[in-house]
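I am attaching a structure below and will ask some questions about it afterwards.
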Amino acid sequence: MDLSLKLVNVAFFMLLLTWIMVDFLKRRREGGDKELKHGASDRKSTVFAKITVISNVIITTFHLGFCFYEFWKLKTIIIEAVFPAMNWTLACFIALYSLSRTLREHKRWPPVLILWWVFSSIFYSLLVFLYLLTRLKSIQVPDFLPEANIIDFASFPLSILLCFNALHINSNKKQQELEQPLLRKKANDGCKDADAFSSAGIWSRATFKWLNPLFKKGRVKTLEILDVPSIPKSETADEAASSLQESLRKQKDETSSLPNAILQAIWRPLAINAVFAGFNTIASYIGPLLITNFVNFLSAKHDHSSWHHGVILAVIFFLAKTVESLCQRQWYFGAQRIGTRIRAALIVLIYKKSLTIKYGGMSNGKVINYINVDVERIGDFCRYLHGVWLLPIQVILALTILYRNLGFAPSIAALSATIFVMVSNTPLANMQERLHSKIMEAKDSRIKATSETLRSMRVLKLHSWESTFLKKLLKLRETERSWLKKYLYTCSAVAFLFWASPTLVSVVTFGVCIVLGTPLTSATVLSAIATFRILQEPINNLPELISVIAQTKVSLDRIQEFIKGKDQKKIIHCQSVKASDVAIEIETGEYTWETSGSRSKLSTIKFTEKLRIMKGDRVAVCGSVGSGKSSLLCSILGEIPRISGGGIKVYGSKAFVPQSAWIQTGTIRENVLFGKEMNKAFYDQVVEGCALNRDIEMWAEGDSSVVGERGMNLSGGQKQRIQLARAIYSDSDIYLLDDPFSAVDAHTGAHMFKKCMMQLLYGKTVVYVTHQLEFLDASDLVLVMKDGRIVQSGKYQDLIAESDGELVRQMAAHRKYLNHVKPPPECNYLTNGHQQQSKTEVTENNFEHHISNGDSLMEKTLQEETETGRVKWHVYSIFVTSAYKGALVPVILLCQVLFQGLQMASNYWISWAAAEEGRVSREQLIGIFALMSGGSSMFILGRAVLLSTIAIETSQRLFLGMITSVFRAPLSFFDSTPSSRILNRSSTDQSIVDTDIPYRLAGLVFALIQLLSIILLMSQTAWQVFFLFLVILAISILYQDYYITTARELARMIGIRKAPILHHFSESISGAAIVRCFNEEVRFLKNILSLIDAYSCVSFHNSATMEWLCLRINFLFNLVVFLLLIILVNLPKSAIDPSLAGLAATYGLNLNVLQAWVIWNLCNVENKMISVERILQFTNIPSEAPLVIENFRPEPDWPTNGKIELEDLHVQYSPALPRVLKGITCTFPGEKKIGVVGRTGSGKSTLIQALFRVVEPSEGRILIDGVDISNMGLQDLRSRLSIIPQDPTLFQGTMRTNLDPLQQCSDHEILEG
């Protein structure tokens, strides 16, 4: 032993002895051990600690026994054996001495002990590695290291175990310190299980053993979200967003870059992930490096020493593949974790930015694409990130192996061919980037149009416009499909180059060898082929990497442009109370909705005089339609950009009631409270003041009844009263009410004005817009608006005294209008009141129908219906046969079989021909090899083109089926289905069907064909392997079956958990002005954080379960390859063909990668097929009656008179519910104005819905001009009727397109109309 190694042992001996003495004195000084209070001891820690002590005792026993053996044998003391034995004895004593304190106080093992364990494990590893290496190559062990003996081999695994166990104790200690309060909190809140990953030890993390409890749950029951453990703190949305925002803040505003900020936020886990990626790459090249030695061994004569040489080679192969598998699984899982973190952070940033965008808001479609496409793509890029630096390393390793086997010139030829293939891929990658950008633009337009159409579906149905709008969507889809077609065929060319690249590189390399006369042997040829197969990955990775980088760059640029958009400054809110008690102070200035052009195109609000509104004042704002009343309130809120003049100061908190009601999905009570604590007495006063008490009593669940998306199942009056109650309950200082009484009848409006304005809001500052002139008298100040300016202001009595004033003119115009209608005054009041009541209650009975089944409504509206169990086979069948009835599928399979057969035949040919010199001529060798290789590439090209053709046709057919079914669905479907669910299928699921599922499903089948061909090849070499494969396949199927029950439900949860995020986004954006006004941004942010965490939690465990399965099956197939090599080593030379055996071993090197690809695709296909399943759910929606019935078309001028006859009309919403209309028989004369009155729930709205056949009669019939409407198509009926909807609906576009959505009239006709 070298002197330096002796000194190290002496140093450790002194260090261990010193620690014992110091700690003993320290304990005596403290008066012995202090008993600490602690909870139940951690059983895992106890077990691992005992294993640690036992391992120390065993190693100490080994060394002491070896010392005695050496002394007995040599009759002298060997210093080299004594010092390690003494050190291990001291280490064993320290471990026993520290055991009780380590367990009781959850303290780490003494640092000196851990240091000794780490040193010993490294030392033993080095000795064992060098020993194995010397048996393979004739190299000398360094002088300063002794030769490994049996004790070193025995102590090596135990020393590794010591390090793992020590680190496990430490991680448990940290976890208990950091997470105990969190776990206690979760227990109190009744939330999900604790974070299983963070509390797991190193061995548990390495083998994904921490997932076992989740699999056990998934095996015995259908998993629910509460069964899934929480995610690590680093992956939570709050932590991830905070880290990213901190990185952005550290950069200068002018040069801030989102990619740089992301890298700065994740560099630590990214560096750890890079280590696993590096080890995986190095381990993957050990097989091609040593395959030459193995084939030479098979070709040489066997003797006893060479047999050991073959076994050692097999062991190294097995260890290398095991390390590769372990590192690959940790690499991929680590990339998924980083991706989860990035997704969460970006969604939070986008949400925060969305809440700050004013001035007309933003498109829901764009936000949905930001989340569904751009954020997902950036998160997925983490899997490709390390390819940037791994690519040159992989190429260098491959060229090194080629240089070692073939020499310099062939290596340069291989490099040149590789560069040529990479360069050839570059234009295709650039084309992919351009086409993908076009696809994203087209998808943005389609999703935006779909979102707008779904919001307006009631109007479209009642006007029979749905067919026209469906054609618009299909036209947008056709544009998207044209870009998709070009993109997928470009992908076909890339796939062809990928599979043809090993062929091209191998033909060029072997061709150079033939030309230069480089000797080729079976060993060198097979090593080169194995290298080419691995080199295929970096060759493919470059264009794919370029393509992914390009796509990710597009997404990053889109999100960065959005996030870095100019922040709109909030209006100045002063909380200090001024001596003059001013509530709102408006300086002179001008405000406009549009600032992009040099001149404003929309109405402008202009304040020509300074205006002060005092605290406690009631200010009425009146004026004609379009005079700027709503814009005045928006300017006070800061929602309109100021282009000149001073600003507006608001002193105190605000509440806002917009003209267009904004209702959240949830209960009535949640909408009223809006995040405030419940004050029962005040709450009851508010409900009574807003005339909601009668509605609440009518509903089965009271104020706990659930309302649908945007309050779809509430009438306009109910929505307006709920949002007024929300504003009053907030108990703010200033109230801005935009015509709150317009949607209610006169009696209810008078009640609300008296109770709310005069009593509940007494002493508050109220600015209210109104068209009811009778409400002006109660105000302290009246502002009269005209053309965006305040033309009059003052007391009501003073203003009506001005005979030429604007208010007097407006009142005169109002009286003139009333006189023009010509009803008697008292009848006029009744008509107005009840007509308004009828209008208010158009959907009230519909609401009663829904709310009376509160539980079912909550299930339908808030919980998405999902399938359970395996994805049904008919889903696969529909998907496979959608395009051309599956006629191209056998052709594609035949192409794959021929490709695989020709590829293996070409490899065997060159290996067999090169095994013996002169077996074939050099020209024959390379010619036949090139011919078979080229033929296999042609089949690959055909396979890729046909697959893209099928993918395009299949995705289009599924899209048409879904969108047509949705447009033909009855209105009840849209009342109970949030638009986010439809949009999620139309965007995320459709994107997966467009570009993902066809290639995953085909990739699974292709990989299975490859796997079976390799199994047959190995079985041909050694028949015993076939039975091993049967056993391993059986175990793999059991593993997969055990896995899929849990993974399937997790995959379903991903889609379900994403829809609430989109829904919350959509709701928040549409109500952003209200959220900002009520200062509820923090609460809404907490809601989105919890929704993101729920989604991340499912996604995190879904990816982990896949790695759990791949790791175990990887090991099984690595074991098969190891046993194959052992069998080949032990078979007599006469029994095997070295070329065939070497080829089997060469293909076996990639068996674990191929098997992992099969399992990964198998699991992914089922998980991704859930998207097809979800689309097919919306393909089979029960539809309305036919649009057109050819045998019963009405006359072109029907109806001519408009006479409506009801004959014994019975209507009920479903067979389980009571009838709403009971035997009505009456006649409405033609060309007359008919008023329908009645109490709430009497059936007024049901009658209107029956006329439009929104609800079909259960008995009786309706005749219009003598024609039974139930016999004609819905389009013929609804297009001849007209309705003015209660909720105004405008479509994005010009005024011209809104006046004539179907483009049926000329400009002159519109102007005349």
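For reference, positions follow the sequence shown, starting with 1.
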Take L1050 and I1054 through the test side chain to side chain contact (heavy atoms under 4.5 Å, CB included) and record every step on the way to the result.
CA-CA 6 Å; L1050 289 174; I1054 289 177; 5.8 Å; no
If the condition is ring pair (Phe, Tyr, Trp, His ring centres under 6.0 Å), which residues does F496 pass it with, not counting sequence neighbours?
none
Would L1109 and I1044 satisfy side chain to side chain contact (heavy atoms under 4.5 Å, CB included), going step by step from the backbone distance to the final call?
CA-CA 9 Å; L1109 179 67; I1044 201 65; over 6 Å; no
For R343 against G379, the heavy-atom pair lying closest together:
NH2-C, 3.8 Å
Indicate yes or no: at least one non-hydrogen side-chain atom of S986 is less than 4.5 angstrom from one of I447.
yes
Answer whether the closest heavy-atom distance between the side chains of H436 and V554 falls below 4.5 Å.
no
Can you confirm whether I342 sits close enough to C382 that some side-chain heavy atom of one is under 4.5 Å from a side-chain heavy atom of the other?
yes
So does E953 pair up with R481, basic N to acidic O under 4.0 Å?
yes
Kindly indicate whether the side chain of R377, heavy atoms from C-beta on, has any atom under 4.5 Å from the side chain of F381.
no
Among pairs that include at least one residue of residues 999-1013, which meet salt bridge (charged side-chain N to carboxylate O under 4.0 Å, His left out), considering only residues two or more places apart or in two chains?
D996-R1000
Sorted by chain and residue number, the side-chain hydrogen bond (donor to acceptor under 3.5 Å, both in side chains) partners of R1193 (sequence neighbours excluded) come out as D1276
Return the set of residues passing side-chain hydrogen bond (donor to acceptor under 3.5 Å, both in side chains) with Y489 (not counting sequence neighbours), or none when no residue passes.
T949
R1048 versus L223: any side-chain heavy-atom pair under 4.5 Å?
no
Rounded to the nearest 0.5 Å, what's the gap from OG1 on T995 to OH on Y487? Could you check?
6.5 Å
Checking the side chain of S456 only, and the main-chain atoms of T453 only, is there a donor and an acceptor separated by less than 3.5 Å?
no
Results of ring pair (Phe, Tyr, Trp, His ring centres under 6.0 Å) for W465 - residues two or more places apart only
H463
Rounded at 0.5 Å granularity, tell me how far OG1 in T977 sits from CD1 in I1181.
7.0 Å
Over all heavy atoms of both residues, which pair between S464 and R1278 is shortest? Give the atoms and the distance, please.
CB-CB, 3.8 Å
What heavy-atom pair brings V966 and F974 nearest, and what distance separates the two atoms?
O-CZ, 3.1 Å
Flag, side chain of K872 to backbone of E1173, donor-acceptor distance under 3.5 Å
no
If the condition is side chain to side chain contact (heavy atoms under 4.5 Å, CB included), which residues does S482 pass it with, not counting sequence neighbours?
none
So does Q336 get a backbone contact from the side chain of R383, meaning a donor-acceptor N/O pair under 3.5 Å?
no
Return the set of residues passing side-chain hydrogen bond (donor to acceptor under 3.5 Å, both in side chains) with E466 (not counting sequence neighbours), or none when no residue passes.
none
Examine distances only and state if a side-chain atom of T490 and a backbone atom of L428 form a donor-acceptor pair shorter than 3.5 Å.
no
May I ask you to check whether S492 and S948 show a side-chain donor-acceptor distance below 3.5 Å?
yes
Taking only residues two or more places apart in sequence or in another chain, which ones pass side chain to side chain contact (heavy atoms under 4.5 Å, CB included) with I878?
H874, S882, L1176
If every non-hydrogen atom of L476 is compared with every non-hydrogen atom of S445, which pair is closest and at what distance?
CD1-O, 3.8 Å
For Y999, which residues count as a ring pair (Phe, Tyr, Trp, His ring centres under 6.0 Å) partner, sequence neighbours excluded?
none
Side-chain heavy atoms of R1174 within contact of R981, under 4.5 Å
no
Partners passing ring pair (Phe, Tyr, Trp, His ring centres under 6.0 Å) against F967 (at least two apart in sequence or in another chain)
none
Considering only distance and modelled atom types, tabulate donor-acceptor pairs under 3.5 Å from the side chains of residues 884-904, sequence neighbours left out.
unit_1: Q896; atom_1: OE1; unit_2: R943; atom_2: NH1; d: 2.3
unit_1: Q900; atom_1: NE2; unit_2: S1013; atom_2: OG; d: 3.4

Scanning both residues in full, the closest heavy-atom pair of M1272 with R1253 reads O-NH1, 2.6 Å
Going from CD1 on I992 to CD1 on I997, what distance comes out if it is rounded to the nearest 0.5 angstrom?
6.5 Å
E480 and side-chain hydrogen bond (donor to acceptor under 3.5 Å, both in side chains): which single residue from K475, K443, K485 fits?
K443
Is S965 reaching over with its side chain to a backbone N or O of T1179, donor-acceptor style, under 3.5 angstrom?
yes
Flag the pair F973 / I982 as yes when at least one side-chain heavy-atom distance between them is below 4.5 Å, and no otherwise.
yes
Quick check: does any side chain N or O of T964 sit under 3.5 Å from a backbone N or O of L960, one acting as donor and the other as acceptor?
yes
Do E1184 and K461 pass the side chain to side chain contact (heavy atoms under 4.5 Å, CB included) test, and can you show the C-alpha distance, the side-chain angles, and the key distance before you say yes or no?
CA-CA 10 Å; E1184 292 183 303; K461 289 277 187 182; 3.0 Å; yes
Would M440 and D374 satisfy side chain to side chain contact (heavy atoms under 4.5 Å, CB included), going step by step from the backbone distance to the final call?
CA-CA 9 Å; M440 292 306 303; D374 296 310; 4.1 Å; yes
I'd like to know if the side chain of S506 and the backbone of T503 have a donor-acceptor N/O pair within less than 3.5 Å.
yes
Is it true that a side-chain atom of S955 and a backbone atom of I952 form a donor plus acceptor pair closer than 3.5 Å?
yes
Between the side chain of T1105 and the main-chain N/O of N1102, is any donor-acceptor distance below 3.5 Å?
yes
Drop me the distance from Y1095's OH to I1056's CD1, to the nearest 0.5 angstrom.
12.5 Å
Check A944 against A495 and note the closest heavy-atom contact, atom names and distance.
CB-CB, 4.3 Å
Find the distance between OH (Y370) and CD1 (I347) and round it off to the nearest 0.5 Å.
14.0 Å
CD1-CD1 distance between I378 and I559, expressed to the nearest 0.5 angstrom:
3.5 Å
Just to verify, what does T450 make a side-chain hydrogen bond (donor to acceptor under 3.5 Å, both in side chains) with, not counting sequence neighbours?
none
Could you check whether any side-chain heavy atom of D444 comes within less than 4.5 Å of a side-chain heavy atom of R558, counting everything from C-beta outward?
yes
Ionic contact status for K472 with E452, cut-off 4.0 Å
no
T954 side chain to A951 main-chain N or O, any donor-acceptor pair under 3.5 Å?
no
